[in-house]
Amino acid sequence: MISVSDENAVAFHFANTYARLPERFYARINPTPVSAPRLVMLNVPLAVSLGLDPAALAGSDGVQILSGSCVASGSEPLALAYAGHQFGHFVPQLGDGRANLLGEVLARDGNRYDIQLKGSGPTPFSRRGDGRAALGPVLREYIVSEAMAALGVPTTRALAAVTTGERVFRETVMPGAVLTRVAASHLRVGTVQYFAARGDVDALRTLVDFAITRHYPEAALAKQPCRTLLDGVIGRQARLIAQWLLLGFIHGVMNTDNTSLSGETIDFGPCAFMEAYDPDMVFSSIDHQGRYAYSNQPHAAHWNLTRLAESLLPLLVLEAGSDEAGLASAQEALAAFAPQFDAARLAGLRHKLGLATEREGDEALAEDLLARMSANHADFTLTFRRLCEAAAEPGKDAEVRMLFADSAAYDAWAASWRKRLHEETASPLDRAATMRRVNPAFIPRNHIVQAALDAAVEREDFKPFETLLDVISRPYDDRPELAQYTIPARPEQCVTQTFCGT
Ligand code: AMP
Ligand code: MG
């Protein structure tokens with residue numbers, strides 16, 4: 001039996017709005033209690049920023065709540081309804097099959113956040129799934145989402161990880177775990193698709209109003225609120241995907257149910273940061289056609305946003321006054337994706353190369369470097385990080401060129417780069433410092449993540465994971481004592497494939 005926590009033990013001060021939406025938006029369902037909950041990770045700074053007391057969360061009542069064994073005072077647990085295109089195939093009903101939205105909290109920054117348990121037991125949306133999560137994937141989401149946050153990328157966050165004392169059955173038997181996820185909201189493109197597929201225009205309108213209030217308040221005052229919302233989502237997704245590319249991040253499962261309306265990175269499954277630059281890189285074991293390969297991500301995002309525009313069409317038509325005008329409005333909104341993505345990517349590439357001014361040939365210069373990196377298997381993160389030093393001191397070129405299979409390939413490019421840098425006014429030292437703020441030294445390298453997950457799962461040793469959390473928490477600082485974490489995997493350490501683990 002599930003119990004309700006006493007009033008004062010862990011004060012979330014939930015202020016729920018999703019639970020006020022019509023019943024067809026969700027299923028009211030409590031998490032399923034677990035046999036032996038144990039807190040293995042608590043994000044103390046995040047707890048504080050949410051106005052939560054970390055000591056109370058780490059206490060026995062807190063752990064009961066974080067494991068789903070007890071419902072916090074004020075919580076109204078829900079499993080959200082949504083649909084989605086999975087690898088291009090439409091599934092009219094997906095929904096939270098292993099998650100419970102506990103409620104919403106108002107954080108110190110004034111924003112509202114969802115607190116969700118993931119892996120917290122079956123729901124009416126579970127289909128054949130067991131509603132559970134395994135420790136490995138929970139820790140992977142924890143580390144990668146926290147790395148993304150530290151890198152400055154919009155993302156859901158990880159508040160806590162709890163082991164359940166129960167086993168889950170995947171390819172092998174794994175320890176069960178529950179992740180507490182924090183998100184600006186859990187609204188997805190798939191949420192809109194869910195109601196569009198049912199022809200439920202009233203629900204679409206309610207959902208659009210909700211998304212506007214929550215994420216795009218300026219749209220409420222616009223002449224065409226739904227179109228303004230669509231513009232907003234498209235703009236945020238364009239900038240988000242540009243940020244992913246600029247950091248070498250591959251999401252792995254860019255289905256429409258994993259595309260958030262808030263513009264946050266969400267649902268970390270078989271995601272990874274690439275090491276040697278390769279635009280065709282795919283890690284996910286289930287992505288056989290490379291649909292979500294590194295350089296396909298902008299196309300995938302545009303495809304997903306096209307599904308969003310289609311789903312919003314009934315409202316766009318009403319706003320625009322006719323079928324033709326509604327369709328034109330959707331097309332106009334979608335046409336803005338590519339220029340916004342291109343502009344964000346080019347601005348980011350300029351920053352990565354230390355260019356504060358804009359010149360005609362900058363894009364070609366950046367593409368030339370990327371092509372040479374690809375042909376020479378140069379490590380993406382390390383190349384750009386070492387360019388920061390080289391920008392200050394040409395003597396440091398040696399450190400960059402050694403990353404290229406044929407070092408002459410770097411030398412030829414570096415000559416044009418230096419010529420271009422002569423047109424810049426910043427001092428070399430200032431330029432290097434600015435570059436260090438966009439070219440991270442530390443990313444969660446796959447082999448290091450894997451080793452940390454293995455230690456936790458196989459030996460209940462969480463020390464490597466904690467160390468890695470510290471490493472990724474300040475990705476742009478030089479920390480010579482952590483130099484080993486900046487180095488790419490040796491061939492025998494290389495992780496070439498990642499798994500959903502769901
Ligand atoms: P994901 O691949 O995590 O984006 O999940 C896709 C869909 O499968 C969502 O509807 C999930 O809720 C559902 N799902 C994933 N894993 C499980 C599980 N173990 N039990 C029940 N539903 C699941
Ligand atoms: Mg998902």
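Atoms within each ligand, like the ligands themselves, are counted from 1 in listed order.
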Gly95, Gly97, Ala83: member with heavy atom nearest to atom 10 (O) of ligand 1: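 The residue whose heavy atom sits nearest atom 10 (O) of ligand 1 is Gly95.
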What atoms in ligand 1 come closer than 4.0 Å to a heavy atom of [X]?
X	result
Arg127	7 (C), 8 (O), 10 (O), 13 (C)
Arg132	19 (N)
Arg170	19 (N)
Asn258	4 (O)
Gly131	18 (C), 19 (N), 20 (N), 21 (C)
Asp267	4 (O)
Gln86	6 (C)

Leaving out waters, which are not shown anyway, how many protein N, O or S atoms lie closer than 2.8 Å to the Mg ion (ligand 2)?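 Those protein atoms number 2 in total.
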If the threshold is 4.0 Å, N to carboxylate O, is there a salt bridge linking Arg205 and Asp202?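 Answer for the salt bridge query: yes.
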Looking at Asp209 and Arg214, is any side-chain nitrogen of the basic one under 4.0 Å from a carboxylate oxygen of the acidic one?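 A salt bridge is absent here (no side-chain N lies under 4.0 Å from a carboxylate O).
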Using non-hydrogen atoms of the residue, decide whether Arg128 is closer than 4.0 angstrom to ligand 1.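 False for this residue.
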Hey, does Ser126 sit under 4.0 Å from ligand 1 if you only count heavy atoms?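 The answer is yes, since Ser126 has a heavy atom less than 4.0 Å from ligand 1.
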[X]-ligand 1 polar pair, N/O distance under 3.5 Å:
X	answer
Phe125	no
Lys118	no
Arg98	yes

Determine the interplanar angle of the Phe210 and Tyr18 rings, folded into 0 to 90°, and report it as parallel if under 30°, tilted if 30 to 60°, perpendicular if over 60°.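 Ring orientation, 0 to 90° scale: perpendicular.
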Please work out whether the ring planes of Trp244 and His251 are parallel, tilted or perpendicular, with thresholds of 30° and 60°.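 The arrangement is parallel - the two ring planes meet at less than 30°.
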Side chains of Pro175 and Arg167: does their closest heavy-atom pair fall under 4.5 Å?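 The answer is no; the side chains never approach within 4.5 Å.
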Backbone N or O of Ile65 within a donor-acceptor pair of the Ser69 side chain at under 3.5 Å?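 Checking the backbone N and O of Ile65 against the side chain of Ser69, no donor-acceptor pair under 3.5 Å is found.
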Is the centre of the Phe25 ring less than 6.0 Å from the centre of the Phe195 ring?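 Between Phe25 and Phe195, the centre distance is under 6.0 Å.
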Which segment of Glu141 sits under 4.0 Å of ligand 1 when only heavy atoms are counted: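 The answer is neither; Glu141 stays 4.0 Å or more away.
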Within reach of ligand 1, part of Leu94 (heavy-atom separation under 4.0 Å):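 For Leu94, backbone and side-chain atoms both sit under 4.0 Å from ligand 1.
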If you draw the axis of the six-membered ring of Tyr216, does the NZ or CZ of Arg236 fall within 45° of it and under 6.0 Å from the ring centre?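 Judged by the rule, Arg236 and Tyr216 form a cation-pi pair.
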From Asp231 CG over to Glu218 CD, what is the distance, rounded to the nearest 0.5 angstrom?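 Interatomic distance, Asp231 CG to Glu218 CD, rounded to 0.5 Å: 10.0 Å.
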